[in-house]
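This report refers to the structure that appears directly beneath it.
Atoms within a ligand are numbered from 1 in the order they appear, just like the ligands themselves.
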Amino acid sequence: MERTYVMVKPDGVQRNLIGEIIFRFEKKGLKIVGLKMMQISRELAERHYGEHRGKPFFEPLVEYITSGPVVAMALEGKDAVSTAREMMGATNPLKAAQGTIRGTFGMDIGRNVVHGSDSTESAARELGLFFAPGELVEYKREL
Ligand code: CMP
């Protein structure tokens with residue numbers, strides 16, 4: 001079954017949106033197989049966002065993502081990567097469809113509430129960065 005990495009960003013935590021965001025993924029049917037609150041180090045931020053190194057928004061992005069705690073999640077389900085991304089909406093909250101997480105709760109491309117892996121390859125890489133193997137669980141869930 002496919003897994004993806006999703007993270008409530010510092011603005012989502014500051015604005016008391018943790019529950020709302022987890023609620024949406026859980027109710028949709030994505031299975032939570034990893035979950036933790038954490039403070040991201042500069043080193044981890046630079047690795048996570050490595051593909052954006054050199055872009056004008058890279059430094060502010062690293063500053064911001066390390067500015068406060070985040071909630072890291074591993075979600076599992078059919079087409080988990082694309083399903084989670086659809087639920088989040090476009091990167092720029094002003095362009096995100098109404099009803100999506102960013103479309104509902106965001107106004108700023110930098111402070112866009114959530115992050116989600118953009119491919120199965122990114123998901124594997126990001127899950128490996130944020131979770132030790134023993135932190136991801138396997139369990140049966142009756143629907
Ligand atoms: P995220 O999905 O976490 O991945 C990269 C992040 O860079 C993105 O969400 C945005 O929050 C952030 N970002 C800031 N400025 C820009 C920009 N101009 N274009 C794309 N992403 C940006």
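- Between L94 and M107, the closest heavy-atom pair is CG-O, 3.6 Å.
- Using a 4.0 Å cut-off between heavy atoms, N92 makes no contact with ligand 1 at all.
- Among H115, M88, H48, E51, the residue whose heavy atom sits closest to atom 2 (O) of ligand 1 is H115.
- Here the heavy atom of the protein found nearest to atom 4 (O) of ligand 1 is Y49 CE2, 3.5 Å.
- A side-chain donor-acceptor contact under 3.5 Å links N112 to the backbone of T91.
- Within the 4.0 Å heavy-atom cutoff, R111 does not count among the residues contacting ligand 1.
- The protein heavy-atom contact nearest to atom 18 (N) of ligand 1 is F57 CD2, 3.7 Å.
- Heavy atoms of K55 found under 4.0 angstrom from ligand 1: none, in either backbone or side chain.
- With a 4.0 Å cut-off on non-hydrogen atoms, I109 touches ligand 1 through its backbone as well as its side chain.
- V13 and V70 get closest at one heavy-atom pair: CG2-CA, 4.1 Å.
- Here the side chain of R125 pairs a donor or acceptor atom with the backbone of H48 at under 3.5 angstrom.
- Taking the six-membered ring where the residue is Trp, the centroids of Y5 and F130 are separated by under 6.0 Å.
- Between E26 and K31, none of the side-chain N atoms (NZ, or NE/NH1/NH2) sits under 4.0 Å from a carboxylate O, so this pair counts as no salt bridge.
- Atom numbering of ligand 1 starts at 1 in the shown order; those under 4.0 Å from a heavy atom of R102 are 2 (O).
- When hydrogens are left out, the protein atom nearest atom 8 (C) of ligand 1 is T91 CG2, 3.7 Å; that is the closest non-hydrogen contact.
- Short contacts between ligand 1 and L61, defined as distances under 4.0 Å to a heavy atom of the residue, involve ligand atoms 6 (C), 7 (O), 12 (C).
- Between the T100 side chain and the A96 main chain, no donor and acceptor come within less than 3.5 Å of each other.
- Atoms of ligand 1 lying under 4.0 Å from at least one heavy atom of H52, given by number and element, are 5 (C).
- A cation-pi arrangement, defined by a distance under 6.0 Å to the six-membered ring centre and an angle within 45 degrees of its axis, is absent between K9 and Y64.
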